Amino acid sequence: MNPVSPCLPNADPWLAHTVRIASITDEIQDVATYRLEFVDAAIADEFSFLPGQFNMLYLPGVGEAAISISSDPQQRGVLDHTVRVAGNVTGELARLNAGATFGLRGPFGSAWPIDECVGGDVVIVTGGIGLAPLRPAIHELLNRRDECGQLTLLYGAREPSGLLYTNEFDDWRQRGFDVAVTVDRGTDAWKGNVGVVPQLLDRMPLENPEQTTVLCCGPEVMMWFAARSALGRGVPAERIWVSLERNMNCAIGLCGHCQFGPSFICKDGPVLRYDQVAPLLRVEGF
Amino acid sequence: MSTETTTETEVFLPKAELQSLIDCLLGDGFTVVGPTVDQDAIVYGEISSVDALPRGWTDRQEAAKYRLERRDDDALFGFVVGPHSWKKYLFPPLTTLASAQKTDDGWQMRTPEPDSTKYAFLGVRACELAAIGIQDRVFTGGPYVDPVYDTRRKNAFIIAVNCTQAAPTCFCSSMNTGPQCSSGFDLALTELADGFVIEAGSDAGSSVLVRLATQPISTEQTSQADAARQQAVDQQTKQLDTANIRDVLLGNLEHPRWQEVGAKCLGCTNCTMVCPTCFCSSVEEVSDLAGENVERQRHWDSCFNLSFSYMSHGTTRNTITHRYRQWLTHKLASWHDQFGTSGCVGCGRCITWCPVGIDLTEEVAAIRGNEDYCDLTTGEEA
Amino acid sequence: MAQPTITEQLAKLQFTKDLSELTRTALAGIAQQRTLIAGDIVCREGQSSRELFLIASGHVALDMFVPGRGQVRILTLGPGEVLAWSSIVGNHGSTATGTAVEETHVIAFRDEEFMQLCQSNHDVGYPVMRELAKAISRRLVSTRLQLLDLFAHESA
Ligand SMILES: Cc1cc2nc3c(=O)[nH]c(=O)nc-3n(C[C@H](O)[C@H](O)[C@H](O)COP(=O)(O)OP(=O)(O)OC[C@H]3O[C@@H](n4cnc5c(N)ncnc54)[C@H](O)[C@@H]3O)c2cc1C
Ligand code: SF4
Ligand code: SF4
């Protein structure tokens, strides 16, 4: 159902491939998008990924961090990662300039179920940096716009300055995505919506809830309430998908860190079906 | 080595000939590892002579207690299991997985040449065969194969030894892993007073066996071996009720018992270090002073460490209660979902080596005390 | 396109869609449609509004006055949501100022008529009060989520 990634053509899953930073785009404070290219052309040719998958970015001497791929899967040769400075690896990455090299292992993990989305309506519910792993899904759905019903993105952040990719929203809207944005705290300049993302879902008209797929990525509490709202509106639990996060060390299911009950977030996830994880989501410390 | 059974035929190996088995394996290029006494415990180490084996020693074990005692005979394998397990050879406590060198063209990534060491394990118990089988699934049965484990495992030659006694901490019968060795070995021994009943479990085993000075087995020796093995069954007192265990544990995540055991547990990680199936690890960067030659080293880690579930925005399991619950529910419940088997083989090591004597079989029994549990798939009371 | 009737709108809006047709008709009987333009004030903090509003389309922002900070926007309400329930639940005056942020269509119920309808006919009153309770509960959950400040770690 949820495919395990096609691993790079590489017998040793511990071997990182050298990548070079082609360009860096500053997004918002402490968040930048790194466009990477493989130094080995053969790898570049082979590399493909599914929306929602992630790579382990490896800065020698510092460590590895799991970072989702944020570019369009159909755009061969373009490999973007949108990274927020959170600690050692991401902090060191932020100090690198275009041209710098480091390592990459991947792609890893499960993908957003695009094939299950097409044919019906899709609601994407996300907040903050959580939009990064969904950007490939937005592209993929727009690539297949004709096959989909209503497409809606509900996106929130703490403040207006925390909203990612705002300069792309108009393009997405033009190509057929409804984009609704909200912030937890307004500012004087903010003319948009104030309130939390699940509230946008509450008030959204869902014409065909049984045919609607909901894709969520953000803080677990947010996803939990978004799912509750969707369920309350008649969306079947099997059509709600969440992307989960746990400490990630190896990304290949061998180190034990990312377990979430029966699932390894790295290989069974990060994208998991809501009904399969719901009972554990609100268990403290699990 | 291959593990398909090629012969069921048992023969007899006189005690004096055990050295020729070791010599044979050394001659074939194996590093022979077996039990030996070190620092008041029977541990596994490299050996080249039967004299290194714990002749005439036995172990006395109970919760939080382990001590060696003299036997009144010269048995070489008259004990059960100690703090070591074979995982330290197949899944070494410290391994270099990859390296990176900084060059003018940027970072160059490498992985090491596969380790060519061939290990022969002498004295692998039934529960340990099962543990190796479980780690096979973990490291080689999924979408990604661990090259370090895989190479070492494929090269390994396994000489099993049937237990002829059980410790009060043993519960392999409950876990269906022993005490009799039934598969997963190249050779299997049952120790009698003057020698061993020996059988091959693979082609590799047979080809070694034919080079040993074995003798046909007598019916008396057969029945002595049967009796010796039966003794290990009869001595087992500890039990773990595995019926429905996955649902019982995962359906009782808020049981008050977790708090109680969490208050007792020190979070010392001993149980995970001695467990032959625990596989958690972390990778660390080890670099030279210039930061231009970096090795990625994997070391054993434990779900009892606070840092194990660290994320920059918060740690998932920040109390010992959470961590003990993670360990036990993983071992006995979610392991089934992940690998189609329990993660416990009933060796009892975690009971013996827990400094405060926490016994997982008692924890399960206490949680079972409340047979009402929530069905995880439906979220309803079962 | 003809303007949908109040009854048609009530059948679609979250606050009223689960009510029986009979109840919706009763509500429609006392409702008035109103169009607001951006900047129109629906209710004012501290003052009685005398009306309960259900948003049919558009958005209304709620602001609270904080001395030294001025008007602080705490929430934006959209289609299907109600506001100015203060006098219905017995508060003295609105707790926030509601301002239309764009052209907004609201369905307004005068407090006395609304209460009269609910009190005189419990078959209408009970389900309506239940929907009001649900709306308040949703608002409470949203407020809690705001309180939790779930994206705090993402802020520099
Ligand atoms: C599947 C997945 C996809 C992700 N996608 C993105 C993304 O697209 N953009 C982005 O900015 N962040 C993403 N993250 C979060 C990102 O992995 C962490 O912010 C990052 O690991 C922090 O590493 P650090 O070394 O800078 O922080 P430190 O605090 O120094 O962390 C040290 C180590 O702890 C582990 N760790 C710390 N935080 C996390 C975490 N949140 N999740 C998993 N492991 C962690 C890592 O192994 C890390 O190297 C993702 C996480 C997961 C699990
Ligand atoms: S959990 Fe304990 S008894 Fe079970 S295999 Fe591990 S160490 Fe042995
Ligand atoms: S159960 Fe015992 S051995 Fe395991 S971490 Fe706790 S105190 Fe240590």
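Reckoned from all heavy atoms, side chains included, excluding hydrogens, waters and symmetry mates. Since this is a predicted model, take the numbers as computed values, not measurements. Chain naming here is simple, since letters A, B, ... match the order of the sequence lines and numbering starts at 1 in each.
Inter-residue side-chain proximity for B:R325 and A:F286 is flagged as met; some heavy-atom pair is nearer than 4.5 Å. Under the 4.5 Å side-chain criterion, counting only non-hydrogen atoms from C-beta, B:F279 is not in contact with A:L254. Between B:V294 and A:Y58, some side-chain heavy-atom pair lies under the 4.5 Å cut-off. Put simply, the side chain of A:H17 does not reach to within 4.5 Å of the side chain of B:M109, judged on heavy atoms. A 4.5 Å side-chain heavy-atom check between B:D146 and A:I252 finds every atom pair outside the cut-off.
For chain B, the nearby part of A:V62 is the backbone; its heavy atoms alone come within less than 4.5 Å. At a 4.5 Å heavy-atom cutoff, the contact between B:T329 and chain A is made by side-chain atoms alone. For a residue to count as touching a neighbouring chain, one of its non-hydrogen atoms must lie under 4.5 Å from one of that chain's; by this rule B:V148 does not touch chain A. For B:E284, no part sits under 4.5 Å from any heavy atom of chain A, backbone or side chain. Contacts of B:T315 with chain A are absent, with no heavy-atom separation under 4.5 Å from either backbone or side chain.
For residues 84-105 of chain B, there are no salt bridge (Lys or Arg N to Asp or Glu O under 4.0 Å) pairs, not counting sequence neighbours.
The most heavy-atom pairs under 4.5 Å with chain A, out of B:P147, B:G291, B:S99, come from B:P147. Of the listed residues (B:R298, B:R296, B:R110), the one with the most heavy-atom contacts under 4.5 Å to chain A is B:R296.
Contact record, A:V283 with B:E254: CG1-OE2, 3.7 Å, taken as the closest heavy-atom pair.
A:H257 and B:S282 share a donor-acceptor pair across their side chains, judged by distance under 3.5 Å alone.
Put simply, the side chain of A:T18 gets close to the backbone of B:W107: a donor and an acceptor are under 3.5 Å apart. A donor-acceptor pair under 3.5 Å is formed between the side chain of A:N249 and the backbone N or O of B:V283.
Residues of residues 331-339 of chain B lying within less than 4.5 angstrom of chain A, judged on heavy atoms, are B:S334, B:D337, B:Q338, B:F339 in numerical order. Residues of residues 228-236 of chain A having a heavy atom under 4.5 Å from any heavy atom of chain B: none.
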Report all side-chain donor-acceptor pairs from residues 82-92 of chain A shorter than 3.5 Å, counting only partners two or more places apart or in another chain.
from	atom 1	to	atom 2	distance (Å)
A:T82	OG1	A:T33	OG1	2.8
A:T82	OG1	A:S70	OG	2.9
A:T82	OG1	A:Y165	OH	2.6
A:R84	NH1	C:H153	O	3.2
A:T90	OG1	A:A86	N	2.7
A:T90	OG1	A:G87	N	3.0
A:E92	OE1	A:R95	NE	3.2
A:E92	OE1	A:R95	NH2	3.3

